[in-house]
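These notes concern the structure reproduced below.
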2 protein chains.
Amino acid sequence: MVVDPAPAQAAADAPVTSQIVALVSAGVATSRADLARELGVAPSTVSARVTELIDAGVLDEGGAGESRGGRRPRLLRLRPEGGHVLAADLGGTHARIAVMSLTGRLEAVREVPVEIAAGPETALAAVLAEGADLATPFAPASALRGLAVGLPGPVDVETGRVESPARMPGWNGFPVREWLAERAGVPVLVDNDVNLMALGEHFSYPRRVQHSVTVKAGSGIGSGLIASGRLHRGATGAAGDITHSRVSAAGEIPCSCGKLGCLETIASGAAIVRQLRDRGVDVSTTADVVRRAGDAEPEATTLVREAGRHLGEVLCTVVNFVNPDAVFLGGALSTLEPFVASVRSQLYEGCHPLVTKNLVITRATTGPEAGVIGAGRLVVQHVLADPGAYLLRG
Amino acid sequence: MVVDPAPAQAAADAPVTSQIVALVSAGVATSRADLARELGVAPSTVSARVTELIDAGVLDEGGAGESRGGRRPRLLRLRPEGGHVLAADLGGTHARIAVMSLTGRLEAVREVPVEIAAGPETALAAVLAEGADLATPFAPASALRGLAVGLPGPVDVETGRVESPARMPGWNGFPVREWLAERAGVPVLVDNDVNLMALGEHFSYPRRVQHSVTVKAGSGIGSGLIASGRLHRGATGAAGDITHSRVSAAGEIPCSCGKLGCLETIASGAAIVRQLRDRGVDVSTTADVVRRAGDAEPEATTLVREAGRHLGEVLCTVVNFVNPDAVFLGGALSTLEPFVASVRSQLYEGCHPLVTKNLVITRATTGPEAGVIGAGRLVVQHVLADPGAYLLRG
DNA sequence: CGAGGTTCCTTCGCGATCGAACAAAGTTGA
DNA sequence: TCAACTTTGTTCGATCGCGAAGGAACCTCG
């Protein structure tokens with residue numbers, strides 16, 4: 001599967017050099033003047049950096065563009081033979097693995113069964129093997145430059161370790177980055193899956209967005225906040241937790257966290273599975289639920305719609321408080337129109353008009369690839385941040 | 001009333017020059033080496049800026065400090081005769097007005113009755129008159145350098161105008177900054193009262209804080225978020241709204257916003273007044289409630305405690321989502337221990353342990369002056385940001 | 001067709017900050 | 001008492017970004 005590069009904005013205060021690469025790779029800017037306008041940076045600065053990037057072999061000058069009433073621009077483009085990165089998004093039972101070129105283009109995606117409960121070494125080895133296989137077609141022509149992995153639990157980004165995750169037995173404290181870097185021999189980034197999705201969505205959205213809230217509603221429920229263009233991780237890296245917010249209708253179902261009435265006990269995919277089974281419906285995974293609701297089976301659809309309402313209820317408080325430009329809904333449940341519709345309905349009903357006035361509420365624009373796209377973008381940006389190092393390896 | 005300057009941190013990415021002034025004025029740093037350590041900035045940079053500031057007459061070098069095992073530091077201090085600013089915090093029926101020296105010291109505070117419903121010109125004129133009176137003792141020796149005003153409604157900070165406020169008849173669209181600047185002849189800053197309080201609390205707190213949530217619980221309920229050291233205003237400037245979050249126990253009381261079950265219909269000072277009157281208790285203002293609860297009258301205390309519980313319920317969702325370092329509780333209700341206790345209790349019970357682990361939950365450390373202190377700090381920082389201009393007026 | 005306006009890009013000087021090296025002024029310990 | 005170490009502060013390039021000025025290329029209109 002191949003998707004075209006989506007327009008993207010660069011992170012607000014990254015070094016100009018890497019912002020330039022990001023904008024050119026995304027196709028947003030095609031000339032020096034474009035870049036200066038888009039970045040709000042002095043033309044002289046752009047010129048200097050672009051010259052550097054061309055010297056370093058990252059950018060290329062291709063012919064002249066159309067005039068807009070004056071001198072014709074000299075078009076810029078990324079040199080396509082730059083290389084590629086691997087991006088992986090691990091879920092509970094599956095991993096999505098992708099090859100992304102340094103131009104930001106998603107070249108290939110594959111979903112493979114990976115049991116995260118099998119422990120870090122087994123799971124990560126599988127990711128590496130599948131990644132290597134997936135990258136084979138690109139291999140000799142284009143070198144591997146970096147690797148990013150999203151994990152469904154809290155990650156200490158500095159150390160690249162997992163921190164007391166809820167449903168990842170054997171992973172606690174495991175040095176994921178170190179382990180991968182030793183074996184892959186390239187820069188490795190590790191982060192929470194929802195954070196990566198939030199980054200992907202925020203910067204993939206075609207309109208300028210400053211603040212966004214991204215929700216991943218699958219078997220579990222997670223969310224990520226981007227404020228002023230930067231990911232908000234919180235004091236202890238635990239920001240974005242909405243799954244343990246209390247919902248009135250949740251009743252007295254005990255949650256894994258030890259409390260009663262958490263959102264995840266009635267609105268998560270796992271909760272819907274449980275509820276359907278209680279009613280004698282034969283389902284065992286969130287994918288089953290999605291399939292049945294997609295076929296408009298009344299019981300599944302009703303529960304999905306209710307889940308959306310409950311999520312919306314919690315999101316009202318969050319959205320009122322944060323006042324974002326956009327809410328992105330990702331994860332398996334968000335592929336269902338009834339789910340999205342009821343979240344929307346709750347938000348419009350429960351939020352202050354000043355807040356919903358220009359609010360965008362949309363399903364993840366990059367679909368199920370949101371996670372790997374965010375991961376890929378992040379590591380591409382990381383790799384391109386230093387064009388000197390880039391040249392060295394070329 | 002005079003309070004000592006509290007230790008303060010400077011806003012994360014203000015110009016180094018004004019950060020230096022802020023740290024020195026707060027007493028956090030007393031030497032160049034101190035400043036370099038505290039700001040994480042190269043010693044050469046500090047040296048250059050400090051030299052400038054001394055030349056400009058803002059800072060002063062006073063003798064040598066104690067050695068810490070090496071060369072003795074050359075102590076820095078603000079030149080005390082620099083000038084002062086006026087800070088005002090307008091509530092529904094009262095305004096708190098303060099004189100702050102450019103060293104960050106609160107020199108005088110006064111509370112005066114000002115009916116905000118009397119319209120902008122009447123109210124602001126009263127503020128100016130009282131401010132001038134309050135500043136008289138400082139007048140000829142020390143010039144007025146700036147003015148900051150906090151208003152209990154949404155403010156467009158860029159234009160200094162009020163935007164469709166809920167309980168401020170006649171203020172909609174009024175150019176507060178312009179009006180004041182014309183009459184005072186000094187730089188004027190206008191902002192929302194809770195935002196100013198949040199800034200004051202965040203940077204007054206003696207420990208290093210990155211992210212904080214500040215709640216003002218008085219007749220109404222407002223809150224402010226500071227993320228990564230910067231005030232989060234949201235997409236439409238409406239961030240921090242928690243008052244219209246739905247609370248299960250609120251029942252079907254209609255709110256001014258047109259919905260049912262909003263937090264403010266049961267947890268605000270106004271709501272407690274209403275509830276007490278329904279029970280035949282003779283109260284008419286939030287101050288009455290605070291007095292009665294302070295005297296441990298059972299009915300008032302019970303309602304206050306319940307209000308705290310409801311506020312805590314909403315804050316749980318917010319705190320889980322934002323994962324701040326600190327929650328500051330301000331406003332009249334927060335002076336009551338039962339109120340603070342029940343907010344705390346709710347947060348510890350309802351939030352994820354990873355979130356409450358190092359969480360500070362405390363009543364506003366600057367007490368009822370939180371608003372004017374934040375306002376004063378902000379405008380002092382603004383005035384000192386350009387030491388050249390400062391000198392010009394000296 | 002050529003003058004004037006528009007758009008694109010570069011040159012040059014300026015200011016802020018960094019980092020490394022160094023100078024100055026203490027303390028400590030044999 | 002003197003050498004070694006610590007802490008404090010300065011000097012000196014180098015880098016990054018800005019802004020003004022100007023040159024280059026192109027359009028448009030009389």
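Throughout, a chain's letter reflects where its sequence line sits, starting with A, and its residues are numbered from 1.
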What one-letter contact string describes nucleotides 19-30 of chain D from 5' to 3', where B marks a base within less than 4.0 Å of any protein heavy atom, S marks contact via sugar-phosphate atoms alone, and - marks no contact?
B---BBBBS---
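Here B:H84 pairs with nothing under the ring pair (Phe, Tyr, Trp, His ring centres under 6.0 Å) rule; sequence neighbours left out. Scored by the side chain to side chain donor-acceptor pair (under 3.5 Å) test, A:T236 finds B:N323 as partners (sequence neighbours excluded). Under the side chain to side chain contact (heavy atoms under 4.5 Å, CB included) criterion, B:V379 pairs with B:V85, B:A148, B:L189, B:V383, not counting sequence neighbours. Contacts of A:D156 classified as side chain to side chain contact (heavy atoms under 4.5 Å, CB included), with partners at least two apart in sequence or in another chain: A:E158, A:T159, A:E163.
Every pair passing salt bridge (charged side-chain N to carboxylate O under 4.0 Å, His left out) that includes a residue from residues 63-74 of chain B is listed here, sequence neighbours excluded: B:E61-B:R74.
Side-chain N/O atoms of B:R37 include one lying less than 4.0 angstrom from OP1 or OP2 on D:dT8. Between A:R49 and D:dG17 there is a side-chain polar atom (N or O) within less than 4.0 angstrom of OP1 or OP2.
Whole-Å rounding puts the A:L75 CG to C:dT7 C1' distance at 14 Å. Distance, B:E38 CD to D:dT8 P: 13 Å, rounded to whole Å. Distance, A:L76 CG to C:dC9 C1': 11 Å, rounded to whole Å. Distance CG (B:L53) to P (C:dA16): 11 Å, rounded to an integer number of Å. Here the P atom of nucleotide D:dG9 and the CD1 atom of B:I20 are 12 Å apart, to the nearest Å. Atom CG in B:L35 sits roughly 15 Å away from atom C1' in D:dT7 (whole-Å rounding). In this structure, the CD atom of B:E66 is 12 Å from the P atom of C:dG26, given to the nearest Å.
B:S31 comes within 4.0 angstrom of sugar-phosphate atoms only, judged by non-hydrogen atoms across all strands, and of no base. A:V46 comes within 4.0 angstrom of no nucleic acid atom, judged by non-hydrogen atoms across all strands.
In this pair, A:F328 and A:Y205 present their aromatic rings tilted. The plane angle is within the 30 to 60° band.
With hydrogens and angles left out, the side-chain atoms of B:T30 and B:R77 include no donor and acceptor closer than 3.5 Å.
Considering only side-chain atoms of A:R74, the nucleotide from D:dG17, C:dT17, C:dC9 that sits closest is C:dC9.
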